[in-house]
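In the text below, chain A, chain B and the rest are named by the order of the sequence lines, each starting its count at 1.
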Protein chains: 2
Amino acid sequence: MSTISKENYLKAIFIEEVERNSHVPVNILSAKLGISQAAVSDMSKKLANEDLLDYQKYKGLKTTQKGRNIALDIIRKHRLWEVFLTNTLGYNCDEVHDEAEMLEHSTSTKLINKIEEFLNFPILDPHGYPIPDKNGNFPNTREIINFSQVEVGKFYEVARVNDENKEVMNYLTKIGIVLGEKLFIENSLEFDKTLIVKIRGNSIAISSQISEIFSVSLVEGA
Amino acid sequence: MSTISKENYLKAIFIEEVERNSHVPVNILSAKLGISQAAVSDMSKKLANEDLLDYQKYKGLKTTQKGRNIALDIIRKHRLWEVFLTNTLGYNCDEVHDEAEMLEHSTSTKLINKIEEFLNFPILDPHGYPIPDKNGNFPNTREIINFSQVEVGKFYEVARVNDENKEVMNYLTKIGIVLGEKLFIENSLEFDKTLIVKIRGNSIAISSQISEIFSVSLVEGA
DNA sequence: AAATAAAATTAAGCAAACTTAAATTAATAA
DNA sequence: TTATTAATTTAAGTTTGCTTAATTTTATTT
Ligand SMILES: [Mn+2]
Ligand SMILES: [Mn+2]
Ligand SMILES: [Mn+2]
Ligand SMILES: [Mn+2]
């Protein structure tokens with residue numbers, strides 16, 4: 001049986017396994033969910049018994065096809081709610097994540113399909129993450145790279161911003177890193193990978209830690 | 001702490017205590033929530049300890065001011081969601097109750113206030129129940145009476161239909177008892193209180209059991 | 001008023017989802 | 001390779017919200 005807790009586990013595991021392209025260590029998930037490792041270990045066994053996780057002791061966690069279907073369903077609900085809150089109700093995009101984190105578990109398939117239609121089938125959420133369709137398929141989107149991978153002398157556009165930490169989001173917004181914003185890479189400092197970036201006419205420095213948490217797409221011939 | 005379970009208890013108790021105008025017996029709540037009497041008895045103690053219920057052994061249940069505030073908040077969320085599902089997303093009104101029953105527990109104050117504004121501050125839900133405002137006050141509405149109280153020879157308009165039983169709702173819809181429908185009381189059978197009603201040009205019989213589950217308002221000088 | 005029935009409570013137990021502490025396994029470093 | 005550290009699992013215990021069964025209280029009949 002699927003519960004709120006299990007849905008949160010499956011979603012977090014799926015997102016993490018895709019990013020790492022391999023099994024997710026228990027301690028990573030534990031930190032991400034803010035739940036003890038013992039509890040994660042316990043729950044993993046249960047999810048594996050329900051054929052939702054591929055799990056062997058000490059080998060980390062990965063969703064099965066069945067588990068992935070649930071994860072994608074929750075991700076779809078989460079991201080569509082975020083669009084609804086932003087576009088229809090006028091939320092700021094740093095205020096939608098926590099609401100969506102709750103709503104995603106109280107939303108029937110019928111309801112989310114109606115919301116999707118009402119919103120005119122958006123393909124990206126307010127932070128730039130892609131929204132799976134009702135069959136769990138992601139839309140085709142522009143190629144994006146993490147900001148730490150940019151090259152000096154090129155133009156980029158902010159394409160995706162991490163949405164899980166409000167403090168971080170606020171900081172990014174303050175320095176002008178918001179979805180769709182254009183920027184030019186002026187320089188990269190050798191010793192610590194700090195990037196000097198021209199954005200809205202100002203030159204600012206962006207530390208390597210900050211660079212990790214947002215992504216951009218290349219603006220051709222700019 | 002307020003949980004989904006406690007919210008459901010408080011809402012059900014409040015609605016029932018208002019209808020009865022007195023404390024709610026444990027067995028009634030038990031039946032209404034589909035939970036054993038033992039569990040209700042247990043939970044009542046906990047809610048009373050949190051000063052949410054006025055409860056003494058064997059004396060039945062009633063919300064305190066504090067409990068009533070929570071109940072009204074949940075009722076407000078429930079009914080506003082029902083309006084949203086019906087008016088904005090095109091649900092039939094017999095399909096909204098179960099969805100709202102879930103959503104009501106995953107909705108922040110901020111969110112429901114935005115929804116209310118988006119819907120232009122409706123005062124009735126799709127079944128004719130009044131929606132409390134953000135201070136927990138009910139709107140002024142037309143006087144309504146239960147259909148079992150109507151008088152022969154008068155015109156009425158359907159003003160409220162029970163929304164908790166889908167089967168019942170479907171039946172009512174089938175015989176034409178839908179919100180706003182006009183009807184004329186032709187006769188009342190002495191022995192079993194069956195009412196003969198002219199509705200949409202047809203005369204139909206409505207049993208006393210059916211009469212109990214919807215309400216009407218008098219149409220003056222019709 | 002006593003007997004019976006109904007309602008409510010108490011008792012005992014269970015499953016879910018956590019916790020902390022102890023034990024075990026795996027990874028890393030000397 | 002052995003010692004140390006880090007990651008993971010197991011064990012034991014808690015809280016919430018239920019269950020059924022037994023007991024007690026209250027209400028209804030006779
Ligand atoms: Mn989010
Ligand atoms: Mn969630
Ligand atoms: Mn309802
Ligand atoms: Mn509910």
Task: Sub-4.5 Å side-chain heavy-atom contact between Leu29(B) and Val40(B) - done: yes
TODO: Using a 4.5 Å cut-off on heavy atoms from C-beta on, say whether the side chain of Glu82(A) contacts that of Glu99(A).
DONE: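 Glu99(A) does not reach Glu82(A) side chain to side chain.
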Open item on the list: Please give the stem ranges for DNA chain D, sorted by first residue number, where a stem is three or more consecutive Watson-Crick or G-U pairs and both donor-acceptor distances are under 3.5 Å.
Closed with: C:1-30 with D:1-30
Task: Under 4.0 angstrom between Ser5(B) side-chain N/O and dC18(D) OP1 or OP2 - done: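 Result: yes.
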Task: Presence of Thr3(A) side-chain N/O under 4.0 Å of dA17(C) phosphate oxygens OP1/OP2 - done: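 Yes.
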TODO: May I ask you to say what Ser36(B) touches in the nucleic acid, namely base, sugar-phosphate or nothing, with a heavy-atom cut-off under 4.0 Å?
DONE: base
Task: Sugar-phosphate only, base, or nothing, as touched by Lys6(B) at under 4.0 Å among non-hydrogen atoms - done: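 Lys6(B): backbone/sugar contact only, no base atoms under 4.0 Å.
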Open item on the list: Return whichever of Tyr58(A) or Gln37(A) has its heavy-atom-nearest nucleotide of DNA chain C closer to the 5' end.
Closed with: Gln37(A)
Open item on the list: Is the terminal nitrogen or CZ of Arg160(B) (NZ for Lys, CZ for Arg) located under 6.0 angstrom from the six-membered ring centre of Tyr129(B) and within 45° of that ring's axis?
Closed with: yes
- [ ] Decide whether a cation-pi geometry holds between Lys114(A) and Tyr91(B); the criteria are a distance under 6.0 Å from NZ or CZ to the six-membered ring centre and an angle within 45° of the ring axis.
- [x]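 Yes, a cation-pi geometry holds between Lys114(A) and Tyr91(B).
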Nearest whole Å is fine: how far is [N] [atom2] from [X] [atom1]?
X: Leu61(B); N: dA7(C); atom1: CG; atom2: P; answer: 15 Å
X: Met43(B); N: dT15(D); atom1: CE; atom2: C1'; answer: 12 Å
X: Ile35(A); N: dT14(D); atom1: CD1; atom2: C1'; answer: 16 Å
X: Lys57(A); N: dT10(D); atom1: NZ; atom2: P; answer: 4 Å
X: Asp42(B); N: dT16(D); atom1: CG; atom2: P; answer: 11 Å
X: Glu7(B); N: dT16(D); atom1: CD; atom2: P; answer: 15 Å
X: Lys45(A); N: dC18(C); atom1: NZ; atom2: C1'; answer: 14 Å
X: Tyr55(B); N: dA7(C); atom1: OH; atom2: C1'; answer: 11 Å

Open item on the list: Assuming nearest nucleotide by heavy-atom distance, tell me which of Ala38(B) and Ser44(A) is located more 5' along DNA chain D.
Closed with: Ser44(A)
Open item on the list: Quick check on salt bridge (Lys or Arg N to Asp or Glu O under 4.0 Å): which of Glu104(A), Glu7(A), Glu116(A) does Arg76(A) satisfy it with?
Closed with: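 When salt bridge (Lys or Arg N to Asp or Glu O under 4.0 Å) is applied between Arg76(A) and each of Glu104(A), Glu7(A), Glu116(A), only Glu116(A) qualifies.
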What pair of heavy atoms forms the shortest contact from [X] to [Y], and how long is it?
X: Asn146(B); Y: Ser211(B); answer: OD1-O, 3.2 Å
X: Pro126(A); Y: Leu179(A); answer: O-CD2, 3.2 Å
X: Leu10(A); Y: Ala71(A); answer: O-CB, 3.6 Å
X: Gly60(A); Y: Tyr55(A); answer: O-CD1, 3.6 Å

Open item on the list: Contact list please: residues 9-34 of chain B against DNA chain C, heavy atoms, distance less than 4.0 Å, in numerical order.
Closed with: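 Per residue number, the list reads Pro25(B), Val26(B), Asn27(B).
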